[in-house]
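Numbers for residues simply follow the sequence, beginning at 1. If you're wondering where the values come from, they're calculated on a predicted model, not measured in any experiment. What you see below is based on every heavy atom in this structure, not just the backbone, and it leaves out hydrogens, waters and symmetry mates. Remember, it's 1-based here, ligands and their atoms both numbered in the order they're listed.
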Amino acid sequence: MKLKTNQNSMQFKHVLLFTLILGLFGFQSGHSQTKKDSKPNIIFFFTDDQSYDTMKDFGNKVTQTPNLDDLASNGVSFLRHYNTTAICMASRANVMTGQYEYKTGCNFDHGSLGTKQWSTSYPVLLKKAGYRVGFAGKFGFSISDTNGGWGEEGEVAKHDFDFWGGGSHQTSYKTKENKYMVKYAEAYPHSTRAYGAASIDFINESVEKGEPFCMSVFFKAPHRPVQPDPMFDDVYKDVVFDKLPNYGRKAGEHLAKQSRMGRQYPRFVEWGYDKEDTYQEALRKYNQLIYGVDYSIGMVLEQLKKLKIDGNTIIIFSSDNGYFNGSHGFGSKVLPYEEGARTPLIIVDPRQKNKAIKTSALTGNVDITATILDYAGVSVPEIYDGKSIRPLVENPNTQIRATLPIIQVWGPQATHCLTVMDDRFKYVYWYYKDEAENMYPTEELFDIKNDPYEMVNLANQTKYKSKLTYMRKLYDKQLNHWKTEGVKYNGYEKYGALFKRALN
Ligand SMILES: [Ca+2]
């Protein structure tokens, strides 16, 4: 409602009174969110175990993700986005706090996130900045200061949210099993759609209150157990999935022996990737779970349009880690190879002009946190390892980081390794030695640009000697950062010595 500055005071008082009455009865002029219109809303959709190879924009020819495709066509897709730890619990702590695992101190086998790290998480900082913050789905880690201590996931964090629809532990695909989501169970028995419905209610409330919001939707899908929504049983009924060029045991023979010492290796057979019919069935169900996510995201996007706030709402879509689906003879995630650690990332800022852009600039899960703060106008704490991706959204031809690590210190010791990447290469160092098993410290060097399926280890090729030297320097620098900045509890302090390179 516009007012001329030269109006007399009587007219002004009448208008003011009228406006107050409208306000009392809940009328709004135009769409709401008039108080802090300069602040965009933010929705962060985060899936669980979704490989990069699950969408057309990221190279899959047969998957159906119409709403994600729509996001990609309205924003920027990141083709080299990695989780700095490729497993649920650690990755969720990374993305909430903007810090690497050795600074969060949080992973399975290690411990919970400290209250100090949580105090600079994006939900806490956004709430302080006047945002309504909501959460639905799998939170995945607990918060406590008892080193190695454990508590129910989300029970501390939930007090920092205006809406909480989180579930503990691995959560369930049955909506009714999440006590915070029970009211959605009848209409949306599968939790994937229920998270969409809960998000819509939170968004509606925020708009009614005229407050900017940040909704985090952490889907359980497509994580196991394999329980897709039966509503979508027909989507991939007769579809035949292609295999990536690095599919199968033979394609992993050149990799470090240490990589086969964890549960990822037996799962190739246990989960049926080794036979054509069971492989196809696994891929159909896996992608059906992702189709459910796509549908749920579509529900939310439609509501944004209805409320006319789609032009002022930033959308971020990514996943907590990748998934092997048989690549190199592996199942599951954890390992630093592309299918394990790389995921889709799409960012849509409807206010800027770049649409349907793809970039190969290096980005990591820790960068999402700084990005959310950047869009909200909140300064990024110095303790963060992540950098805002916003400059890349506005200019996809630039870079925000020269290097990014992948940390793997979960599961059997033999599989522990530290990885560094630059804008083209990936270097992995496996420290573990067992002469009886014929295992020795091993280096791997991959040219991700020319060999995206990691079929050739270049570490021993003379031609790449100077590149190897350069990557070793990046590695040493990363390890030094671990030694000086890493937490001194939860079992992280020993890696300064364990990961010291024994090869020169
Ligand atoms: Ca996961």
**Student:** Can the ring centres of F135 and F139 be said to be less than 6.0 Å apart?
**Tutor:**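 Here the rings of F139 and F135 have centres that are less than 6.0 Å from each other.
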
**Student:** Under a 3.5 Å cutoff, is there a donor and acceptor pairing between the side chains of R267 and Y265?
**Tutor:**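 Distance-only check fails for R267 and Y265.
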
**Student:** Please confirm whether the ring centroid of Y431 lies under 6.0 Å from the ring centroid of F499.
**Tutor:**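 For Y431 and F499, the ring centres are under 6.0 Å apart.
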
**Student:** N/O/S atom of S91 under 3.0 Å from the Ca ion (ligand 1), yes or no?
**Tutor:**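 It does not: S91 brings no N, O or S atom closer than 3.0 Å to the Ca ion (ligand 1).
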
**Student:** Could you tell me whether any N, O or S atom belonging to H223 is less than 3.0 Å from the Ca ion (ligand 1)?
**Tutor:**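 Coordinating: no.
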
**Student:** With the Ca ion (ligand 1) at the apex, how many degrees lie between OD1 of N321 and OD1 of D49, rounded to 10 degrees?
**Tutor:**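 Taking the Ca ion (ligand 1) as the apex, the two atoms subtend 90°.
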
**Student:** When you draw lines from the Ca ion (ligand 1) to OD1 of D48 and to OD1 of D320, what angle lies between them, to the nearest 10°?
**Tutor:**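 It is 90°, given to the nearest 10°.
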
**Student:** Consider only side-chain N and O atoms of K333 and Q264, and report whether a donor and an acceptor are under 3.5 Å apart.
**Tutor:**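 Judged by distance alone, the side chains do not pair up.
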
